[in-house]
Amino acid sequence: MNPIFLLSRSELSQIRLFRASDGSLRLEQEGKASARVTLIRSFPYTMPDRFISVRSAEGREIAMIKDVKHLAEDSFQAVREELDRNDMIPVITQILAVRKSGSGWLLRVDTNYGPAALVMENLHESIQFVTENRWMVTDNEGRRFKLSNPEKMDVRSREHWKKLI
C-alpha cells in the first residue's frame, strides 16, 4: 500500500474499510490486498469525525481521513463502530450529588455505563468547555466523561450543574 497522508474526497472513494472475519479492521485500497489498521482521533473533542489517523498494525501512520462523512456508507459504518469502540467515554446522564470535600469536590453521577463517583481538586481544570452545550469532565484519576445538554437533564441534575459552573 502506498503511503498516503491526507485522503481527499476522491481518494476516499478508492478505499474500503471493513471488519474482517477475525474481528480486525481492514483497509483495502483500489481493490488491492487489505491491511490490518487501527484508527485514532486527532481532535476527539471538537471534531470527532474529522482528521482520523489510519495506522498500520505496527502503529505507523499510513493515512489521514479528513472527514469520515465522505466515506462510502459501509466504510463509514465500520469507522464509526471502530472509533466508538476505541473511544469509550461515558456520557453523564444524571448528576446525583455534588459535595465539597476538603479542598476538592465529589460528584456522584449516572452514566450510560452505570453509576460513577468522581473526585476533582480543581473544577476549572476538571470541567472543560468543548462546544456550546458540551463539556469534558476529568476526575483526579484521569477518567474522562462527556456531559452534553445539561439544560435537558432533570431538575436536580440542572441544580447540581449550576453549582459546578
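Just the heavy atoms: all of them, side chains too, but no hydrogens, waters or symmetry mates, feed the values below. Bear in mind that the values here come from a model prediction, so they are computed numbers and not experimental data.
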Under 3.5 Å, side chain of [X] to main-chain N/O of [Y], donor-acceptor pair present?
{"X": "D139", "Y": "R144", "value": "no"}
{"X": "N149", "Y": "K152", "value": "no"}
{"X": "S126", "Y": "N122", "value": "yes"}

To the nearest 0.5 Å, how far apart are CD1 in I165 and CG in L123?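 If we round to the nearest 0.5 Å, I165:CD1 and L123:CG are 11.0 Å apart.
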Same hydrophobic cluster for [X] and [Y], using side-chain heavy-atom links shorter than 4.5 Å among ILVMFWY?
{"X": "I89", "Y": "L147", "value": "no"}
{"X": "W105", "Y": "M153", "value": "yes"}
{"X": "F129", "Y": "L107", "value": "yes"}
{"X": "V37", "Y": "L83", "value": "yes"}

Is any side-chain heavy atom of [X] closer than 4.5 Å to a side-chain heavy atom of [Y]?
{"X": "V109", "Y": "P115", "result": "no"}
{"X": "H160", "Y": "K163", "result": "yes"}
{"X": "I127", "Y": "M136", "result": "no"}
{"X": "L164", "Y": "W135", "result": "no"}

Does D49 have any salt bridge (Lys or Arg N to Asp or Glu O under 4.0 Å) partners at least two apart in sequence or in another chain, and if so, which?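 R80.
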Grab the two heavy atoms, one from [X] and one from [Y], that are nearest each other, plus how far apart they are.
{"X": "P48", "Y": "I52", "answer": "O-CD1, 3.7 Å"}
{"X": "A78", "Y": "F18", "answer": "CB-CA, 4.0 Å"}
{"X": "E151", "Y": "N133", "answer": "OE1-OD1, 3.2 Å"}

Once side-chain contact (heavy atoms from CB on, under 4.5 Å) is applied, do any residues pair with S53, and if so which ones, sequence neighbours excluded? I40, S42, R55, E61, M64
Run the side-chain contact (heavy atoms from CB on, under 4.5 Å) test against E73 and tell me which residues pass, sequence neighbours left out.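 For E73 the side-chain contact (heavy atoms from CB on, under 4.5 Å) partners, ignoring immediate neighbours, are F76, Q77.
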side-chain contact (heavy atoms from CB on, under 4.5 Å), that's the test. Do L27 and I62 meet it? Break it down for me. CA-CA 10 Å; L27 171 69; I62 56 176; 3.9 Å; yes
Just grab all the salt bridge (Lys or Arg N to Asp or Glu O under 4.0 Å) pairs involving residues 14-24, residues at least two apart or on different chains.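 Pairs touching residues 14-24 that pass the test: R16-E28, R16-D74, R19-E81, R19-E82, D22-R26.
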side-chain hydrogen bond (donor to acceptor under 3.5 Å, both in side chains) against E58, all qualifying residues, sequence neighbours excluded: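 By the side-chain hydrogen bond (donor to acceptor under 3.5 Å, both in side chains) rule, E58 matches S56.
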Enumerate, atom names and distances included, each donor-acceptor pair closer than 3.5 Å involving a side-chain atom of residues 91-102, sequence neighbours excluded.
from: T93; atom 1: OG1; to: D110; atom 2: O; distance (Å): 3.1
from: Q94; atom 1: NE2; to: D154; atom 2: OD1; distance (Å): 3.4
from: K100; atom 1: NZ; to: S103; atom 2: O; distance (Å): 3.4

